[in-house]
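Comments concern the structure below.
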Amino acid sequence: MRLHVADHPLITHKLSVLRDEKTSSQQFRSLVEELVTLLSYEATRDVRTESYELQTPVAKTTGLRMTDPVPLVVPIIRAGLGMLDGFLKLVPNVEVGFLGMRRNEETLQPETYAKRLPENLANRQCFALDPMLATGGSLVAAIDFLFDAGAVDVTAICIVASPEGIERMREAFADKNVTVVVGALDEGLNEEGFIVPGLGDAGDRLYGVAE
């Protein structure tokens with residue numbers, strides 16, 4: 001597993017406003033979109049391409065285009081949905097799938113409650129969107145799901161991550177083609193499992209509290 005922390009002044013500035021508890025939901029959503037577009041630029045450095053000839057108004061030249069099958073982007077419901085537009089703004093010609101992950105309150109293990117994906121992910125590059133990499137349980141389960149379906153490499157885009165979550169990802173995917181791109185690596189987790197200083201509950205800040 002590879003980790004890339006996108007240490008860029010624009011990302012740090014936008015993330016600072018995102019962290020502020022005074023930031024409204026409307027502004028929070030807008031900032032998430034902007035941040036994900038910047039993070040997606042870093043995350044797609046290794047997207048598969050092929051050369052092809054094209055004609056400019058002046059001369060023939062060689063360009064690059066994404067190969068088939070095109071990448072699949074998978075937001076992890078519900079907070080990951082707030083990241084989708086930011087990714088699509090940069091890479092509009094991809095397929096979109098959806099995974100719903102939640103913790104089973106009896107077993108305390110993550111489980112899949114919703115999915116909408118191509119049946120066969122053989123030879124596919126996948127991008128998983130989840131704003132918070134806290135304990136890592138849900139994201140590990142989601143990436144395992146994609147590999148089981150045939151994906152060959154997965155890049156996870158997260159706005160903030162904890163060292164505990166990164167370590168769990170390293171243990172789970174030590175021999176897998178997994179990249180994690182984050183806007184910031186935070187201090188750690190508190191007793192309730194929230195990232196410190198973190199963002200709070202990203203889903204609630206994006207969409208409000210769902211009872």
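When reading the values below, keep in mind they use all heavy atoms of this one structure, side chains included, and skip hydrogens, waters and symmetry mates.
With hydrophobic clusters built from ILVMFWY side chains whose heavy atoms lie under 4.5 angstrom apart, Phe194 does not share a cluster with Val182. By the rule that hydrophobic residues join a cluster once side-chain heavy atoms approach within less than 4.5 Å of another member, Leu129 and Leu81 end up as members of one cluster. Cluster annotation: Leu90 is connected to Leu31 through the hydrophobic network of ILVMFWY side chains, with a link wherever side-chain heavy atoms come within less than 4.5 Å.
Between Asp153 atom CG and Asp46 atom CG the span is 8.5 Å, to the nearest 0.5 Å. Taking CD1 of Ile159 as the reference point, atom CG of Asp130 lies at 9.5 Å (rounded to 0.5 Å). Taking CD1 of Ile166 as the start and SG of Cys158 as the end, the distance is 7.0 Å to the nearest 0.5 Å. Of the inter-residue distances, the one linking Phe28 atom CZ with Asp204 atom CG reads 10.0 Å to the nearest 0.5 angstrom. Between the CE atom in Met1 and the CD1 atom in Ile143 there is a gap of 9.0 Å [rounded to 0.5 Å]. To the nearest 0.5 angstrom, Arg65 atom CZ is 9.5 Å from Ser51 atom OG.
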Under the criterion side-chain contact (heavy atoms from CB on, under 4.5 Å), I'd like the reasoning laid out for Val178 against Arg2: C-alpha separation, chi angles, the key distance, then a yes or no. CA-CA 6 Å; Val178 171; Arg2 298 171 298 278; over 6 Å; no

Evaluate side-chain contact (heavy atoms from CB on, under 4.5 Å) for Glu50 paired with Leu64, printing each intermediate quantity in order. CA-CA 6 Å; Glu50 62 183 3; Leu64 286 178; over 6 Å; no

List the steps, then state whether side-chain contact (heavy atoms from CB on, under 4.5 Å) holds for Leu3 with Arg170. CA-CA 9 Å; Leu3 171 65; Arg170 289 192 192 280; 3.9 Å; yes

Evaluate Gln27 against Leu18 for side-chain contact (heavy atoms from CB on, under 4.5 Å), listing each step before the verdict. CA-CA 8 Å; Gln27 189 177 14; Leu18 201 68; over 6 Å; no

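Using a 4.5 Å cut-off on side-chain heavy atoms (C-beta onward), Leu133 and Arg168 make no contact. For the pair Glu164 and Thr135, the minimum side-chain heavy-atom distance is 4.5 Å or more. You'll find the side chain of Val91 stays beyond 4.5 Å of the side chain of Pro71, heavy atoms only. Here the side chains of Asn123 and Arg48 are in contact, with some heavy-atom distance below 4.5 Å. Side-chain contact check for Leu54 versus Lys60: every heavy-atom pair is 4.5 Å or farther apart. Residues Phe127 and Val74 have side chains not in contact (no heavy-atom distance under 4.5 Å, counting atoms from C-beta outward). Counting heavy atoms from C-beta outward, Leu15 and Leu199 have side chains that approach closer than 4.5 Å. Counting heavy atoms from C-beta on, the side chains of Ile157 and Met83 come closer than 4.5 Å.
For the pair Ile76 and Ala142, the tightest heavy-atom approach, listed with the atom from each and the gap, is CD1-CB, 3.6 Å. Scanning both residues, Val94 and Val70, for their nearest heavy atoms gives CA-CG2, 4.1 Å. Taking each heavy atom of Val5 and Ala184 in turn, the nearest pair found is CG1-CA, 4.3 Å. The two atoms that bring Gly80 and Pro75 nearest to each other are O-CB, 3.3 Å, heavy atoms only. Closest approach of Glu42 and His4 over heavy atoms only: OE1-NE2, 3.3 Å. Between Arg78 and Gly203, the closest heavy-atom pair is NH2-C, 3.4 Å.
Within 6.0 Å of the CD atom in Glu53, the count of heavy atoms belonging to other residues, nucleotides or ligands does not exceed 12. Other residues, nucleotides and ligands contribute at most 12 non-hydrogen atoms within 6.0 Å of the CD atom of Glu119.
A donor-acceptor distance shorter than 3.5 angstrom exists from the side chain of Thr37 to the backbone of Glu33, with no hydrogens or angles considered. Judged purely by atom type and a 3.5 angstrom limit, Asp20 uses its side chain to pair as donor or acceptor with the backbone of Lys22. In this structure a side-chain-to-backbone donor-acceptor pair under 3.5 Å is missing from Ser40 to Ala43. Side chain of Tyr41 to backbone of Val36: no donor-acceptor contact under 3.5 angstrom is found. With hydrogens and angles disregarded, no donor-acceptor distance shorter than 3.5 Å links the side chain of Ser25 to the backbone of Leu206. Within the 3.5 Å criterion, the main-chain N or O of Ile195 finds no donor-acceptor partner in the side chain of Asp186.
Each of Leu72, Val152, Val154 was evaluated against Leu121; a single residue qualifies, Leu72, per the side-chain contact (heavy atoms from CB on, under 4.5 Å) test.
Relative to the ring axis of Phe98, Arg116 does not place its NZ or CZ within 45° and under 6.0 Å from the centre.
A salt bridge links Glu95 and Arg124; the closest N-O separation between the charged side-chain nitrogens and carboxylate oxygens is under 4.0 Å.
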